[in-house]
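One structure is given below, encoded as structure tokens.
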Amino acid sequence: ECSHQHLATNMHLTLEEIISIREKLEAVGLLRTKVKKGNVNNYIYELYSPLSVHEIFNHPILNVVLYNNVGKKEYDKLNKNIETDVCIVGGGITGISTAYSLLNKKKSLSVVVIEKDRVGLQTTGNSTAKITSQHGLFYKYLKNSKGEEFAKMYYEANEEAIENIKKIIEKENIECDLEKQSAYVVATGQEDVQELKDEVDIIKSFGGKAKYIEKEEIDKNLSVLNPIAAIEFENQAQFNSYKYVTELAKICKNLGAEIY
């Protein structure tokens with residue numbers, strides 16, 4: 001506890017310098033200041049240790065600041081009228097993958113991608129980053145609402161997408177932490193078990209690959225969910241979706257795409 005004058009004298013700083021330093025430390029959560037009013041105001045400075053990575057990412061304000069300022073801006077802002085064969089709105093995995101596919105199929109095509117924020121940082125960057133044809137208990141719903149042929153087409157399209165992403169990563173040598181994994185839907189109550197069995201039967205009926213497994217066969221990493229049964233989709237994958245999309249965007253630019 002001391003006055004600003006006492007602090008300035010001992011630290012050989014001006015009052016303006018002390019206030020500036022104090023405000024900066026307060027802004028990042030390293031200092032809290034309390035005022036003890038009197039004839040001469042005294043100040044109590046409470047120092048705090050830096051936040052951990054976990055605390056920063058879970059902080060309601062700091063995580064937003066970090067999210068909106070991470071990395072440098074890779075692309076220019078579009079500030080004039082241009083002409084192009086194809087204009088893709090959105091620089092996430094869908095938009096960038098579309099640009100990549102078009103540029104590889106027809107190299108003479110002019111392609112422009114427009115992203116209002118940062119490439120790969122919105123839905124794509126905040127996704128679970130799993131590459132899978134398993135999306136909950138979905139195939140029973142598809143069969144009942146759209147028919148078995150539609151459910152089969154959906155499954156095959158997702159399986160093809162998994163292989164396509166793997167091929168692009170290998171061909172372009174993209175470092176994005178790709179790992180082969182199984183995907184699971186778990187039952188935590190006896191009432192859900194039959195739903196899992198029905199889902200597996202439907203997937204197998206159109207030639208899909210899914211496996212019903214009992215508790216003892218389930219991956220130990222899922223034990224926190226206390227599952228009693230599960231559906232396993234083998235040969236699925238996970239990756240760092242942000243790394244993948246930002247690198248693929250650079251490749252698209254090298255292939256001739258304009259990205260804004």
Side-chain angles (χ1 to χ4, degrees), residues 51-64 66-67 70 92-94 97 120-166 168-169 176-245:
L51 296 177
S52 67
V53 172
H54 177 77
E55 289 171 324
I56 290 173
F57 277 97
N58 285 280
H59 193 281
I61 297 175
L62 292 180
N63 78 67
V64 175
L66 178 65
Y67 173 80
V70 65
I93 191 169
T94 302
S97 297
L121 259 184
Q122 305 307 310
T123 302
T124 296
N126 285 283
S127 72
T128 57
K130 65 188 182 86
I131 314 170
T132 178
S133 53
Q134 181 278 303
H135 308 290
L137 297 179
F138 197 53
Y139 289 99
K140 183 178 180 179
Y141 161 77
L142 284 181
K143 181 182 178 182
N144 291 342
S145 61
K146 302 288 187 180
E148 183 173 289
E149 186 60 29
F150 187 91
K152 178 183 179 182
M153 290 171 59
Y154 179 88
Y155 172 84
E156 290 175 345
N158 276 268
E159 285 292 305
E160 184 179 342
I162 295 169
E163 292 307 312
N164 187 45
I165 290 174
K166 290 178 180 178
I168 291 172
I169 290 170
C176 58
D177 309 321
L178 178 69
E179 294 180 21
K180 181 179 176 181
Q181 296 282 354
S182 287
Y184 298 89
V185 184
V186 302
T188 57
Q190 196 62 44
E191 66 277 7
D192 301 320
V193 170
Q194 190 58 49
E195 290 285 327
L196 266 58
K197 291 179 177 179
D198 291 345
E199 185 83 355
V200 170
D201 289 341
I202 289 169
I203 295 166
K204 288 183 175 179
S205 71
F206 56 68
K209 296 180 181 179
K211 185 167 58 174
Y212 173 82
I213 56 177
E214 301 286 353
K215 182 175 182 177
E216 55 273 8
E217 300 175 84
I218 299 173
D219 190 310
K220 300 302 183 207
N221 289 321
L222 299 175
S223 60
V224 66
L225 300 175
N226 197 27
I228 61 173
I231 299 174
E232 180 180 11
F233 279 61
E234 296 180 314
N235 299 316
Q236 311 293 286
Q238 67 181 29
F239 68 162
N240 185 313
S241 54
Y242 175 71
K243 286 183 180 180
Y244 174 76
V245 171

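Ion pairing of Glu199 with Lys140 is absent here, as no side-chain N (NZ or NE/NH1/NH2) approaches a carboxylate O to less than 4.0 Å. Look at Glu234 and Lys209 and you find no salt bridge, because none of the NZ, NE, NH1 or NH2 atoms lies under 4.0 Å from a carboxylate O.
Between Ile131 and Leu178, some side-chain heavy-atom pair lies under the 4.5 Å cut-off. Side-chain contact between Glu163 and Lys166: present, with at least one pair of heavy atoms (C-beta onward) separated by less than 4.5 Å. Glu148 places none of its side-chain heavy atoms less than 4.5 Å from the side chain of Met153. Asn235 has its side chain within reach of Lys180: a pair of non-hydrogen atoms, C-beta onward, lies under 4.5 Å apart.
Not a single ring pair (Phe, Tyr, Trp, His ring centres under 6.0 Å) links Phe233 to another residue, sequence neighbours left out.
Note: Lys197 NZ to Ile231 CD1 = 11.5 Å, rounded to the nearest 0.5 Å. To the nearest 0.5 Å, the span separating NZ on Lys243 from CD1 on Ile169 amounts to 11.5 Å. The CD1 atom of Ile202 sits 14.0 Å away from atom OH of Tyr155, with the distance rounded to the nearest 0.5 Å. Atoms CD and OG1, from Gln238 and Thr132 in turn, are 11.0 Å apart once rounded to the nearest 0.5 Å. The distance from atom CG of Asp219 to atom CD of Gln181, rounded to the nearest 0.5 Å, is 8.0 Å.
Residue Leu225 comes nearest to Thr188 through the heavy atom pair O-CG2, 3.3 Å, listed as atom of the first residue, atom of the second, then distance. Tyr141 approaches Ser145 most closely through the heavy-atom pair O-OG, 2.7 Å. Minimum interatomic distance between Tyr242 and Gly120 (heavy atoms only, all atoms of both residues): CD1-O, 3.4 Å. The shortest non-hydrogen separation linking Ala151 to Lys143 is CB-N, 4.1 Å. Taking both residues in full, the closest heavy atoms of Thr124 and Ile93 are given as OG1-N, 2.9 Å, listed atom of the first, atom of the second, then distance. Minimum interatomic distance between Lys130 and Gln134 (heavy atoms only, all atoms of both residues): NZ-O, 3.1 Å.
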Step by step, would you call Lys215 with Asn226 a side chain to side chain contact (heavy atoms under 4.5 Å, CB included)?
-> CA-CA 9 Å; Lys215 182 175 182 177; Asn226 197 27; 4.0 Å; yes

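Checking each of Val186, Ile218, Val200 against Ile213 for a side-chain contact (heavy atoms from CB on, under 4.5 Å) leaves exactly one that passes, namely Ile218. Test Leu196, Asp198, Asp201 against Tyr212 for side-chain contact (heavy atoms from CB on, under 4.5 Å) and you get one pass: Leu196.
The aromatic rings of Tyr244 and Phe239 sit tilted relative to each other, their planes meeting at an angle between 30° and 60°. Between Tyr139 and Phe206, the ring-plane angle classifies as tilted under the 30° and 60° cut-offs.
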